[in-house]
Amino acid sequence: MEKEFTLTKEQQVEVERQLAFLQRGVVEIVPEADFRKKIEKSVVTGKPLKIKLGMDPSAPDVHIGHTVPLHKLRQFQELGHEIQMLIGDFTGRIGDPTGKSETRKQLTDEEVKKNAETYVEQYGKILDMDKVTIYYNSEWLKPLQFEDVVKLAANMTVARMLERDDFEKRYKSGQPISVHEFFYPLMQGYDSVALDTDIEVGGTDQKFNLLMGRTLQEAYGKEKQVALTLPLIEGLDGERKMSKSLNNYIGIDEAPNEIFGKSMSIPDELMIKYYKLATDLPMEEIEKLEADLADGSVHPRDAKMNLGALFVEMYHGKEAAEEARNYFQTVFQKRSLPTDIPETKWEGESPIWIVDLLVELNMQSSKGEARRMIQNGGVKINEEKVEDVQLQVEVEDGMILQVGKRKFMKLTK
């Protein structure tokens with residue numbers, strides 16, 4: 001960006017306000033000087049910046065980790081900037097190789113469309129989707145001729161591609177890398193060319209792909225975008241990136257009690273990170289909470305309960321948040337049974353093997369899972385722990401089954 005802008009005092013104040021607001025929780029801005037210039041240009045001209053987030057619809061369940069860039073988009077949205085929500089329906093057929101040790105399975109058109117619809121629906125819990133422009137990159141990638149693809153590929157060397165950590169590891173270990181995987185970052189970069197994107201947002205693991213947008217925009221004679229990277233949130237295990245496959249996640253579409261209960265499992269040392277990146281709570285409040293936790297004036301349990309209630313309120317509403325808090329306090333702090341236990345009429349055989357009973361009631365998904373839960377002491381009948389995995393259960397009217405900390409079922413006859 002060459003052009004310099006002369007700002008009034010009021011405009012300078014507005015630029016500093018936006019910069020301070022938007023830098024919350026950001027790991028890196030590449031380059032920072034261009035970021036400032038883009039904000040200045042927007043303030044002086046009154047023209048909103050185009051902010052892009054690309055999503056490959058490869059998994060339909062949005063969890064707290066996914067919401068980190070969404071909260072950043074919401075901040076841009078509140079400042080009046082334009083959000084470009086890019087559904088990678090074309091790139092989704094390849095799958096982003098970032099962090100993968102093997103070639104991704106290609107998705108069908110039907111899978112891509114179904115997943116994309118789910119993402120859009122769930123994103124609406126954070127963003128004002130009426131003010132979001134949704135794009136599908138098949139619009140410009142599908143019509144490309146082979147000559148266009150060759151021209152696109154000529155902007156990148158194999159050596160540069162192999163600088164990517166995941167490709168480098170696979171290459172050195174002798175694992176296969178399909179040629180089409182090299183086209184993923186090229187296509188993501190070309191999306192920014194097609195959309196004239198000003199700023200692209202993504203996780204730290206997306207840095208290579210985000211910078212590809214700058215490279216290709218320059219090659220095609222466009223103004224280069226700024227790459228804005230955000231931290232990846234560790235999951236409930238406190239170590240690995242939040243992921244459904246690792247079962248260390250909090251899903252935003254999960255039941256209120258589940259969201260609240262899982263929030264209580266967040267490691268103490270990660271709590272403030274969750275507050276900063278996954279909520280819209282003002283930074284002054286978060287900094288005060290951090291200080292109160294440090295000097296012991298606030299107990300980590302209470303801070304976690306407030307965080308759990310905040311998550312439930314964000315995705316299910318204030319009333320659900322209060323109910324989830326009360327449920328947790330009743331069941332776990334007062335050690336009494338909840339008052340709203342679901343009931344089901346039992347019309348099966350009795351006695352019945354405890355493992356079969358849990359599976360038939362859908363309290364466990366398989367016999368193996370039911371066995372493990374019993375062996376780990378996670379199953380109770382009328383508040384008494386089941387010790388014997390071979391137990392034959394005489395089903396009685398009013399019998400209460402409990403699996404884990406949050407699953408209850410009352411049987412009637």
Side-chain angles (χ1 to χ4, degrees), residues 24-25 61-75 78 121-128 230-231 233-238 242-244 247-342 402-408:
R24 167 176 168 169
D61 295 314
V62 177
H63 56 61
I64 294 296
H66 293 132
T67 69
V68 175
L70 298 181
H71 283 286
K72 183 56 60 182
L73 291 189
R74 179 169 174 169
Q75 291 170 4
E78 289 173 0
E121 178 186 337
Q122 293 181 61
Y123 284 179
K125 295 186 176 184
I126 296 172
L127 297 168
D128 181 352
L230 296 161
I233 283 189
E234 295 88 349
L236 301 178
D237 56 5
M242 186 177 285
S243 165
K244 188 174 183 187
N247 198 30
N248 64 353
Y249 71 103
I250 302 173
I252 70 171
D253 256 6
E254 291 190 275
N257 290 342
E258 195 72 11
I259 291 176
F260 194 98
K262 283 186 173 183
S263 298
M264 298 305 294
S265 300
I266 296 171
D268 290 357
E269 63 273 15
L270 286 178
M271 210 186 337
I272 293 298
K273 186 174 186 179
Y274 275 69
Y275 267 108
K276 287 180 179 178
L277 298 176
T279 80
D280 289 324
L281 205 65
M283 276 304 297
E284 311 84 70
E285 291 186 35
I286 297 174
E287 287 167 359
K288 183 179 186 308
L289 174 62
E290 193 170 13
D292 290 343
L293 285 166
D295 67 21
S297 56
V298 170
H299 194 284
R301 180 198 61 241
D302 297 328
K304 247 181 273 195
M305 289 184 70
N306 289 336
L307 180 59
L310 193 54
F311 282 150
V312 175
E313 183 176 343
M314 287 164 63
Y315 304 117
H316 291 284
K318 197 162 188 173
E319 186 177 339
E322 275 305 308
E323 289 174 357
R325 184 194 289 270
N326 292 337
Y327 177 90
F328 182 86
Q329 290 174 326
T330 299
V331 176
F332 302 106
Q333 290 188 307
K334 298 176 183 175
R335 297 296 177 189
S336 58
L337 292 171
T339 57
D340 57 348
I341 297 175
Q402 179 180 349
V403 176
K405 293 181 178 179
R406 292 183 284 277
K407 286 184 183 176
F408 292 88

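Remember, it's a predicted structure, so these values are computed and weren't measured experimentally. Atoms considered below: every heavy atom in the structure, side chains included; atoms not considered: hydrogens, waters and symmetry mates.
- Using a distance-only test at 3.5 Å, with no hydrogens or angles considered, no donor-acceptor pair links the side chain of E269 to the main chain of M271.
- The CG atom of L127 sits 12.5 Å away from atom CD of Q122, with the distance rounded to the nearest 0.5 Å.
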Exercise for review: Output, in order, the C-alpha distance, side-chain angles, deciding distance and verdict of side-chain contact (heavy atoms from CB on, under 4.5 Å) for K304 and H299.
Suggested key: CA-CA 9 Å; K304 247 181 273 195; H299 194 284; over 6 Å; no
Check your understanding: Would I250 and I266 satisfy side-chain contact (heavy atoms from CB on, under 4.5 Å), going step by step from the backbone distance to the final call?
Key -> CA-CA 10 Å; I250 302 173; I266 296 171; 4.2 Å; yes
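- A distance-only check finds no donor-acceptor pair linking the side chain of H71 to the backbone of V68 [under 3.5 Å].
- With sequence neighbours excluded, no residue forms a salt bridge (Lys or Arg N to Asp or Glu O under 4.0 Å) with K318.
- In this structure, A324 and N257 approach most closely via the heavy-atom pair CA-OD1, 3.4 Å.
- Distance alone, capped at 3.5 Å, places no donor-acceptor pair between the K276 side chain and the I286 backbone.
- For Q75 and K72, the side-chain atoms include at least one donor-acceptor pair closer than 3.5 Å.
- Take N247 and apply the side chain to side chain contact (heavy atoms under 4.5 Å, CB included) test, not counting sequence neighbours, and it matches Y249.
- Residues passing the side chain to side chain contact (heavy atoms under 4.5 Å, CB included) test with E287 are M283, sequence neighbours excluded.
- Note that CG of L270 is 11.0 Å distant from CG of L307, once rounded to the nearest 0.5 Å.
- The two atoms that bring A278 and T67 nearest to each other are CB-OG1, 4.1 Å, heavy atoms only.
- When all heavy atoms of E313 and A321 are compared, the pair lying nearest together is N-CB, 3.8 Å.
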**Study point:** Evaluation steps, side-chain contact (heavy atoms from CB on, under 4.5 Å), between I252 and F311
**Key:** CA-CA 8 Å; I252 70 171; F311 282 150; over 6 Å; no
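- Smallest separation of non-hydrogen atoms from P231 and G25: CD-O, 3.0 Å.
- Between atom CD1 of residue I259 and atom CG of residue D253 there is a gap of 8.0 Å, rounded to the nearest 0.5 Å.
- The closest donor-acceptor contact from the side chain of S297 to the backbone of D292 lies under 3.5 Å.
- Rounding to the nearest 0.5 Å places CG of L289 at 9.5 Å from CD of E285.
- With sequence neighbours excluded, no residue forms a salt bridge (Lys or Arg N to Asp or Glu O under 4.0 Å) with E323.
- Across all their heavy atoms, H66 and V62 have their closest contact at ND1-CA, 3.4 Å.
- Residues forming a side-chain hydrogen bond (donor to acceptor under 3.5 Å, both in side chains) with E234 (at least two apart in sequence, or on another chain): K273.
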**Study point:** Residue pair R325, M305: steps toward the side-chain contact (heavy atoms from CB on, under 4.5 Å) verdict
**Key:** CA-CA 7 Å; R325 184 194 289 270; M305 289 184 70; 4.0 Å; yes
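- Within the structure, every pair that satisfies the ring-ring contact (aromatic ring centres under 6.0 Å, His included) test and touches residues 255-296, not counting sequence neighbours, is listed here: F260-F328.
- Summarising the local packing, CD of E78 is surrounded by more than 12 heavy atoms from other residues, nucleotides or ligands at distances under 6.0 Å.
- In this structure a side-chain-to-backbone donor-acceptor pair under 3.5 Å is present from E254 to G251.
- N248 approaches S243 most closely through the heavy-atom pair OD1-N, 2.8 Å.
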